[in-house]
Every structure is written in C-alpha cells, then in structure tokens.
Amino acid sequence: MTVTQTPSTPVPLLLLGRGADPQSERGVECPGDLPAASDPDLVERARAAREALGERVFVLGHHYQRDEVIQFADVTGDSFKLARDAAARPEAEYIVFCGVHFMAESADILTGDHQQVVLPDLAAGCSMADMARILQVEDAWARLEEAGVAASTVPITYMNSSADIKSFCGRNGGAVCTSSNAKQALEWAFSPEGAGGEKVLFLPDQHLGRNTAVLQLGLSLDDCVVIDPHKPGFGVTDDELRAAKMLLWKGHCSVHGRFTAESVAEVRERIPDVNVLVHPECQHEVVVGADYVGSTEYIIKTIAAAPAGSAWAVGTELNLVKRLASEHPDKTIVFLEKTVCFCATMNRIDLPHLVWALENLVEGRVVNRIEVDADTAHWARVALDRMLALPGSGAVKD
C-alpha cells in the first residue's frame, strides 16, 4: 500500500472582528450588533442578562480568561472539569462556555440533548488543537499501517484536541488524557492489562508526550520520534517508526512553547531563591530546569500552599499568573518570560461577546451553538470513558 499524504490545509488568517471562513465555523462575524468595548454599561448589561436568565444559564470560565469575564462565571477551572461541571447541571438549558472551541465540544459531548452549548466568539480556537487535523491524522495512521506498526500502536490524545481527534482515538482503541493523568494513560496504553500496545501515537502536544514518557515513565529521548504532518512521509523512516515507542505529533501550545531554558536561567539570576513552577506543555529543557511541574490546578494549589515571603516564577498563561499574584500579595509571583504572552485565542472571549451572547439568549436566540454530531460524539465519549476508568481518574483534573 502506498500512502498519499494530504496537503496540510492552512488555518485561515482573519482580521480581528472582520470576515468569516465559509469552510469553517471559526468565523469572526457576529449576527446582530456587538456591544462596543467602551460601553460603560457592559457590566450592568451582563448582570441584567444573567438575572433574567436565572438558572436557565450556566456560565463556565476557564482559568485563562480575563477577569472581566471570570467575574460572571458560575464556576472556574480547566477545560474537562468545566465540561463535567456543566454535565452536573442538567437543569441548565444553556451552557455558555468562556473558553475555546474544543472545550465547548467536550461540554456538548458530556451534557444532555436538551442542553445547548454556546461559545461567545467562534474565533476562540486553540492553535495546538488545530495542529492536528483529522485528515492529517488519518493519513498518518495509514503511514503507520504501511510501516507495519499501526496494529501495535495505541493513539492517546490530550484533552486539548478536537472532537474529531478524540473520536479517532475512541475508534482505534485509544483514550484521552489530561496533563494530570497523562502518566496513567501511557501506563494503560503500554500495559498488557490495558491496551497492550508496543507504541503510543501521542496527539497533539509533543512536549507533554515527551515530558511524560521520559520524566515519569523512564523512557529515553531516543525512544521518541516526531510525526510531522508537513514533511513527506511524516518526517520519519520505517525503521524509525519500528524502533520508537513514543510517536509524538508535531504540535505545541503557543503560550507554553515560548518559554525557554534561557528564561529559567534569567529569572534565577534576577530573583534569588526563586521557585520555578511550569506546566508540562513546556519544552523538555524548561521542564528539566524547573523546580515544580504540573497541571494548571497543580500550579494554583502549589502557589496557594506556598509559605508567605516565597518567590515564584510561573510558566503558564499570563492572565492566570496575574490573578495568582493578585490573590497572594504575601508572595512574589512573576511571569517566567520577560515578554508578555496571553493566550490570544482564549482572549477572544471578552465582555462585549459575553454580553452579546447572553442578551441574545434572553431574547430567545441561541447564537454560536456548538454541536458535535452523534457518531463523533459517541466515539469521543468512548475515549473519554477509557480515561475516566484509569486508576485515580474519578476526579481527574486537566
């Protein structure tokens, strides 16, 4: 069999606030009038809409959201926690997810048919999730079949992936993982009592896959190869595919991927006795050079439990780091990188978009609804359920 690699479809670049991509639901036009960001009544309008909707609406706020949005969230958290919180509120007719597209998809998969999930701005996507498109992944799987290794490979996808990719893993005997249970997911994939695989195709974040395999499972860097959808043959030979244990998709987080070993060295020189705390989506050299590594919830809890007077350089999204610094004035908390770096797509959800979405719901119009088709949702749920069956994953955190 000869594999024909589908040319990578470029992500369309749209001017902020203008235009739409007819081949994608991630347009940026809003039907009706979007309130001006300068409107002094925005906060009051949001409060009035929330009050009018009452328990019919449940607003979810991801940790990386700006404070102007977080103040109206019923619950805050990481993506999967929020999706499960929504599923636990069946009386809520509308789920307004202040996060990004893949998160809203997970909420739609987990909530009831009578509930409608709304994403205030459809342009709020995730660059990491978009680095693994379903046609690319299917072509890569065909490449593994050609090399004779697909049958012994278990696909594991990070929560930060589209419903299509989660569904692919469900169909092919794989599972989903979060940053807090990636170790358990890999152990399950390799265990004879679990999936019994000899290899793992880890999607879409190469850094989380590499860091987990090497630092928690004891594999070597030589056990890892990178699957690059933009290179002929995915950038690997048959021999490399047969020898490797971790097949890492060439994807990364645009925020966490910017931190460098130089960032760590610079902050240690600048702040005596600083503790470096980073997310496992960071590059391997950064994680190796840090003092503490963990999920967003781990970062929050570690800072909360730290003694007064301690100093922390945190390698994660800036909105969260600023919020942690504000909540813990007795500690020195700084951003690991000198230059400012918000999650640009997460920041598309702002107060004008939230007000617009809520006021439309008050008027009986459901805007920007996120729906996952039944077949995709079924197999994505299979992959999610396999994750939830992992040891210690009953109360899994992202």
Side-chain angles (χ1 to χ4, degrees), residues 62-67 70 78 126-128 131 158 160 178-180 182-183 205-222 224 226 248 250-347 397-398:
H62 190 272
H63 285 309
Y64 296 171
Q65 287 293 336
R66 53 180 91 198
D67 289 342
I70 285 291
D78 269 325
C126 170
S127 59
M128 179 201 296
M131 289 176 192
Y158 187 25
N160 299 26
T178 69
S179 56
S180 64
K183 176 176 181 284
D205 180 24
Q206 61 169 313
H207 299 309
L208 176 61
R210 182 182 294 106
N211 290 328
T212 305
V214 174
L215 301 178
Q216 296 193 52
L217 264 63
L219 299 182
S220 73
L221 290 174
D222 290 337
C224 307
V226 175
L248 305 170
K250 190 177 175 63
H252 65 275
C253 170
S254 58
V255 172
H256 293 111
R258 72 175 290 113
F259 301 117
T260 64
E262 288 73 25
S263 304
V264 176
E266 188 279 330
V267 80
R268 291 196 188 281
E269 184 175 346
R270 179 162 47 92
I271 304 176
D273 301 319
V274 70
N275 297 282
V276 178
L277 171 60
V278 304
H279 195 282
E281 290 175 18
C282 292
Q283 298 179 60
H284 186 67
E285 295 78 10
V286 174
V287 170
V288 170
D291 300 299
Y292 302 89
V293 182
S295 68
T296 304
E297 292 288 348
Y298 172 85
I299 290 172
I300 293 169
K301 290 178 179 178
T302 300
I303 293 292
S310 57
W312 296 83
V314 184
T316 193
E317 204 274 341
L318 184 55
N319 272 319
L320 176 58
V321 178
K322 290 173 61 179
R323 192 172 301 125
L324 290 171
S326 175
E327 292 172 353
H328 302 282
D330 59 330
K331 302 156 193 174
T332 299
I333 300 171
V334 301
F335 191 57
L336 179 57
E337 175 64 48
K338 280 184 175 180
T339 55
V340 172
C341 184
F342 292 100
C343 177
T345 49
M346 186 79 73
N347 270 262
K397 304 293 185 184
D398 291 17

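These figures come from a predicted structure and were not determined experimentally.
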According to side-chain contact (heavy atoms from CB on, under 4.5 Å), who are the partners of Val226, at least two apart in sequence or on a separate chain?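 Scan of Val226 (side-chain contact (heavy atoms from CB on, under 4.5 Å), adjacent residues dropped) gives Gln206, Arg210, Lys250.
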
Results of side-chain hydrogen bond (donor to acceptor under 3.5 Å, both in side chains) for His252 - residues two or more places apart only: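 Result, side-chain hydrogen bond (donor to acceptor under 3.5 Å, both in side chains) vs His252: none returned.
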
Say you draw a straight line from CG of Asp205 to CE of Met128; how long is it, rounded to the nearest 0.5 Å?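 So the CG of Asp205 and the CE of Met128 are separated by 4.0 Å.
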
Using the rule given for side-chain contact (heavy atoms from CB on, under 4.5 Å), can you reason through Asn211 versus Val293, listing the C-alpha separation, both sets of side-chain angles and the distance that settles it, and then say yes or no? CA-CA 10 Å; Asn211 290 328; Val293 182; over 6 Å; no

What's the spacing between Tyr64 OH and Ile70 CD1 if we round to 0.5 Å?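 Between atom OH of Tyr64 and atom CD1 of Ile70 there are 12.0 Å.
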
Qualifying side-chain hydrogen bond (donor to acceptor under 3.5 Å, both in side chains) pairs, either residue in residues 323-336, two or more places apart: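 Every side-chain hydrogen bond (donor to acceptor under 3.5 Å, both in side chains) pair that includes a residue of residues 323-336, provided the two are not neighbours, is Asp67-Arg323.
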
Is it true that Tyr298 and Ser179 share a donor-acceptor pair across their side chains at a distance under 3.5 Å?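 No pair is found: no donor N or O on one side chain lies under 3.5 Å from an acceptor on the other.
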
Which residues pass the side-chain contact (heavy atoms from CB on, under 4.5 Å) test with Ala325, not counting sequence neighbours?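 Only Ile333 meet the side-chain contact (heavy atoms from CB on, under 4.5 Å) criterion with Ala325.
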
Hey, is the main chain of Val276 close enough, under 3.5 Å, to the side chain of Asp291 for a donor-acceptor pair?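 Between the backbone of Val276 and the side chain of Asp291 there is a qualifying donor-acceptor contact (under 3.5 Å).
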
Output, in order, the C-alpha distance, side-chain angles, deciding distance and verdict of side-chain contact (heavy atoms from CB on, under 4.5 Å) for Val214 and Cys224. CA-CA 9 Å; Val214 174; Cys224 307; 4.3 Å; yes

Salt bridge (charged side-chain N to carboxylate O under 4.0 Å, His left out): which pairs involve residues 276-287, sequence neighbours left out?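 Pairs touching residues 276-287 that pass the test: none.
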
Reported OG-to-CD distance for the pair Ser254 and Glu317, which is rounded to 0.5 angstrom: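 Interatomic distance, Ser254 OG to Glu317 CD, rounded to 0.5 Å: 9.5 Å.
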
Distance from Thr302 atom OG1 to Glu297 atom CD, nearest 0.5 Å?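 Rounded to the nearest 0.5 Å, the OG1-CD separation comes to 11.0 Å.
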
Partner residues of Glu262 under the side-chain contact (heavy atoms from CB on, under 4.5 Å) criterion, sequence neighbours left out: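 Listed in chain order: Thr260.
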
Residue list, side-chain hydrogen bond (donor to acceptor under 3.5 Å, both in side chains) with Glu266, at least two apart or on another chain: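 In terms of side-chain hydrogen bond (donor to acceptor under 3.5 Å, both in side chains), with neighbours along the sequence ignored, Glu266 is linked to Arg270.
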
How would you list, by chain and number, every residue that makes a ring-ring contact (aromatic ring centres under 6.0 Å, His included) with His256, sequence neighbours excluded?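 So His256 forms a ring-ring contact (aromatic ring centres under 6.0 Å, His included) with His279.
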
